[in-house]
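Before any comments, here is the structure.
All heavy atoms count here, side chains included; hydrogens, waters and symmetry mates do not. Every chain is numbered from 1 and lettered A, B, ... according to where its sequence line falls, protein lines coming before strand lines.
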4 protein chains.
Amino acid sequence: MSMREREAAVLPGKGESMPDLIDCRLNRDSFMPLYQQIKNWLLYKIEAGQFAEGDGIPSEVDFSRSLDVSRATVRQAFYELRLEGHVTRDKGRGTFVSPRKQP
Amino acid sequence: MSMREREAAVLPGKGESMPDLIDCRLNRDSFMPLYQQIKNWLLYKIEAGQFAEGDGIPSEVDFSRSLDVSRATVRQAFYELRLEGHVTRDKGRGTFVSPRKQP
Amino acid sequence: MSMREREAAVLPGKGESMPDLIDCRLNRDSFMPLYQQIKNWLLYKIEAGQFAEGDGIPSEVDFSRSLDVSRATVRQAFYELRLEGHVTRDKGRGTFVSPRKQP
Amino acid sequence: MSMREREAAVLPGKGESMPDLIDCRLNRDSFMPLYQQIKNWLLYKIEAGQFAEGDGIPSEVDFSRSLDVSRATVRQAFYELRLEGHVTRDKGRGTFVSPRKQP
DNA sequence: GTGGTCTAGACCACT
DNA sequence: GTGGTCTAGACCACA
């Protein structure tokens with residue numbers, strides 16, 4: 001899936017504000033699973049540099065509360081991002097944006 | 001983790017019988033997560049050829065009932081096996097042993 | 001179809017007890033599809049107030065097991081009840097009796 | 001430590017009401033560690049029969065929020081109660097009052 | 001009746 | 001107070 005498709009799925013339209021933290025909007029009527037929408041939003045934020053290398057990103061519980069989804073749904077998004085190398089997760093510390101190869 | 005370590009964690013000792021289906025024994029006092037024990041048992045079975053290529057393997061619910069664990073725990077084992085290419089999973093059909101490369 | 005016809009199709013005869021849960025009796029020799037019999041039984045229960053507004057009703061699996069029918073059969077009954085506005089279904093939570101409009 | 005001493009440390013004074021849930025009061029100026037105060041409160045409740053055998057008791061998070069202490073603090077109380085055989089803890093299920101030996 | 005998604009929690013290991 | 005494991009269910013998409 002292209003970055004453009006991801007954007008269309010969950011991001012605010014042109015002209016809307018883009019505050020710093022969890023401004024993710026979920027479309028609960030979409031064909032796309034909620035965890036995938038969260039994953040896409042995070043990928044967009046990371047690729048756009050809004051969560052920079054080494055930065056901590058909001059916790060599972062932050063997302064769970066902000067988006068009113070269960071923690072398991074958030075976890076699936078985070079889990080796949082870790083598998084794909086976009087973030088690292090440290091028990092007891094948090095989730096961090098991975099360094100990019102050859103920036 | 002070596003195949004030998006996996007075996008030690010969840011498999012019956014020498015001399016014990018090895019019936020066909022879900023003879024997996026979980027050690028609930030182990031440091032090793034239950035889903036990892038299930039994954040190891042499956043890997044052993046696949047590598048030992050007891051679930052052959054193209055074979056269907058028991059369903060999530062079969063494992064869940066046989067081992068008295070929740071379906072989510074079984075799923076994590078199956079999910080990782082799929083990511084690592086050991087099995088394929090078809091919605092509505094089942095889980096199958098992947099073909100090996102250059103056997 | 002009138003409530004009376006529905007009743008004749010799947011409900012216990014007069015004088016039989018009417019316990020709380022799935023006392024639905026299917027007539028497998030009937031011209032009427034099984035899913036329709038289930039739907040009728042549910043409509044009767046709802047209209048009779050035995051599943052009140054906001055109440056959760058038994059799950060797909062409950063019906064499937066109790067009646068020894070496939071889940072797809074149960075789903076068709078639930079699906080039509082949702083389309084007709086008699087119930088709402090929340091993923092991961094359950095199926096609930098819809099509020100009536102101006103009773 | 002006697003039951004009377006425990007009581008003095010964390011329980012409401014005479015004449016105060018004793019509601020059902022987490023009415024534990026911590027004395028943050030006490031020489032006694034917070035985890036010990038929590039442990040004492042729980043022991044009092046169990047011995048007084050307010051959490052009966054087999055009952056589930058409030059979760060780590062319940063205590064942590066109600067008392068505004070870290071979860072590690074609550075855990076230490078629960079941990080010692082488990083070591084001493086007063087409660088059992090089941091992952092994913094909860095914490096339960098242990099049966100007494102020959103009462 | 002399978003695998004896929006989701007809920008609403010719990011306890012566990014660690015910082 | 002984080003991420004990790006687990007429970008015990010639910011409904012959904014598909015065959």
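Comparing R28(A) and E60(D) by the nucleotide of DNA chain E that holds the closest heavy atom to each, the one mapping nearer the 5' end is R28(A). Toward the 5' end of DNA chain F, the nearer of the two residues G94(A) and K91(C), judged by each one's closest nucleotide, is G94(A). Of the residues near DNA chain E, Y35(A) and T95(D), the one whose nearest nucleotide (by heavy atom distance) lies more toward the 5' end is Y35(A).
Using a 4.5 Å cut-off on side-chain heavy atoms (C-beta onward), N40(B) and M32(B) make contact. For the pair V69(B)/R28(B), a side-chain contact is recorded, criterion being any heavy-atom separation below 4.5 Å from C-beta on. Residues T88(D) and T95(D) fail the side-chain proximity criterion, which asks for heavy atoms closer than 4.5 Å.
For E60(D), the side-chain hydrogen bond (donor to acceptor under 3.5 Å, both in side chains) criterion is met by R71(D), R75(D), R89(D), not counting sequence neighbours. R93(D) meets the salt bridge (charged side-chain N to carboxylate O under 4.0 Å, His left out) test with D90(D); sequence neighbours excluded.
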Worksheet item: Should E80(A) and V87(A) be marked as a side-chain contact (heavy atoms from CB on, under 4.5 Å) after you check the CA-CA gap, both sets of side-chain angles, and the distance that decides it?
Response: CA-CA 9 Å; E80(A) 296 195 357; V87(A) 301; over 6 Å; no
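Along DNA chain E, the stretch of nucleotides lying under 4.0 Å from any heavy atom of chain B spans, 5' to 3', dG1(E) to dT5(E).
Every pair passing ring-ring contact (aromatic ring centres under 6.0 Å, His included) that includes a residue from residues 55-81 of chain D is listed here, sequence neighbours excluded: W41(D)-F63(D), F63(D)-F78(D).
Using a 4.0 Å heavy-atom distance criterion, S64(D) is classed as making no nucleic acid contact.
Secondary structure note: stems in DNA chain F built from 3 or more consecutive Watson-Crick or G-U wobble pairs under 3.5 Å occupy E:1-14 with F:1-14.
A donor-acceptor pair under 3.5 Å is formed between the side chain of S98(D) and the backbone N or O of G85(D). When atom types are taken as modelled, the side chain of Q37(C) and the backbone of N27(C) share a donor-acceptor pair closer than 3.5 angstrom.
At a non-hydrogen distance threshold of 4.0 Å, V69(A), S70(A), R71(A), A72(A), T73(A), Q76(A) from residues 69-83 of chain A come into contact with DNA chain E.
In this structure, CD on Q76(D) lies 9.0 Å from NZ on K39(D), to the nearest 0.5 angstrom.
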